[in-house]
Amino acid sequence: MAVAISILVGTMTGNAELVADAVRDVLAGAGHPVEILPMDSLRPDVFGRGGVFLICTSTYGQGDVPDNARDLYEALQAEKPDLGAIRYGVIGLGDSTYQDTYNNGGKLFDTLLAGLGASRVGARMEHNASGGSFAEDDAVEWAKGWIGALKALTVAA
Ligand SMILES: Cc1cc2nc3c(=O)[nH]c(=O)nc-3n(C[C@H](O)[C@H](O)[C@H](O)COP(=O)(O)O)c2cc1C
């Protein structure tokens, strides 16, 4: 069976949730068991559940992770779990009108997880709310490529 995927969602106004829903359909269609987990009450031990993780988060404030992602982000920083066995992907939502902090939420998680030893699968996706495309559409296209990267991983393992 294809690897299980947990989509961890950081959102302020729900866009990342819509993206997670759209991506779930693509991943599930390819045979992956998928679960969407809002970050609200997650602890670092969420990374013990196995499978692959997909961080789907927007950016708020001055390049910060959304409020519902802050506890998990800070707990990972404080507890520094060894995530050496973890594989993850990142979908970041942002707006290029915030020039200096564009898509920083996704970048923050990417940097943090990599620093804890985890390995990113595929390129980080960045959606630009001022770019004229719908985040769900971009994410669905991105997810098709990500499925290929996951397959390559399984074959190599
Ligand atoms: C108050 C506010 C602050 C924001 N700050 C940033 C930012 O610093 N960088 C960025 O790329 N996008 C920023 N954004 C854009 C959001 O990340 C973007 O609109 C995203 O699609 C929201 O997704 P969400 O509904 O899942 O939270 C900001 C939006 C708002 C309303």
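Counting convention: from 1, in listed order, for ligands and their atoms alike.
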task: Answer yes if the side chains of N103 and T59 hold a donor-acceptor pair under 3.5 Å, and no otherwise.
output: no

message: List the residues meeting ring pair (Phe, Tyr, Trp, His ring centres under 6.0 Å) with F47, not counting sequence neighbours, and say none if there are none.
response: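 Only F53 meet the ring pair (Phe, Tyr, Trp, His ring centres under 6.0 Å) criterion with F47.
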
OH/Y102: more than 12 non-hydrogen atoms of other groups inside 6.0 Å: yes

field: Sub-4.0 Å heavy-atom environment of ligand 1, residues by chain
entry: T11, M12, T13, G14, N15, A16, S58, T59, Y60, G61, G63, L93, G94, D95, Y98, T101, Y102, N103

query: Any chain of hydrophobic side-chain contacts (each under 4.5 Å) joining L83 to L42?
result: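 Yes, L83 connects to L42 through the hydrophobic network.
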
Listed partners of Q77 passing side-chain hydrogen bond (donor to acceptor under 3.5 Å, both in side chains), at least two apart: none

Residues which pass side chain to side chain contact (heavy atoms under 4.5 Å, CB included) with L108, listed by chain and number, not counting sequence neighbours: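 If we apply the side chain to side chain contact (heavy atoms under 4.5 Å, CB included) test to L108, skipping adjacent residues, the hits are V65, Y73, N104.
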
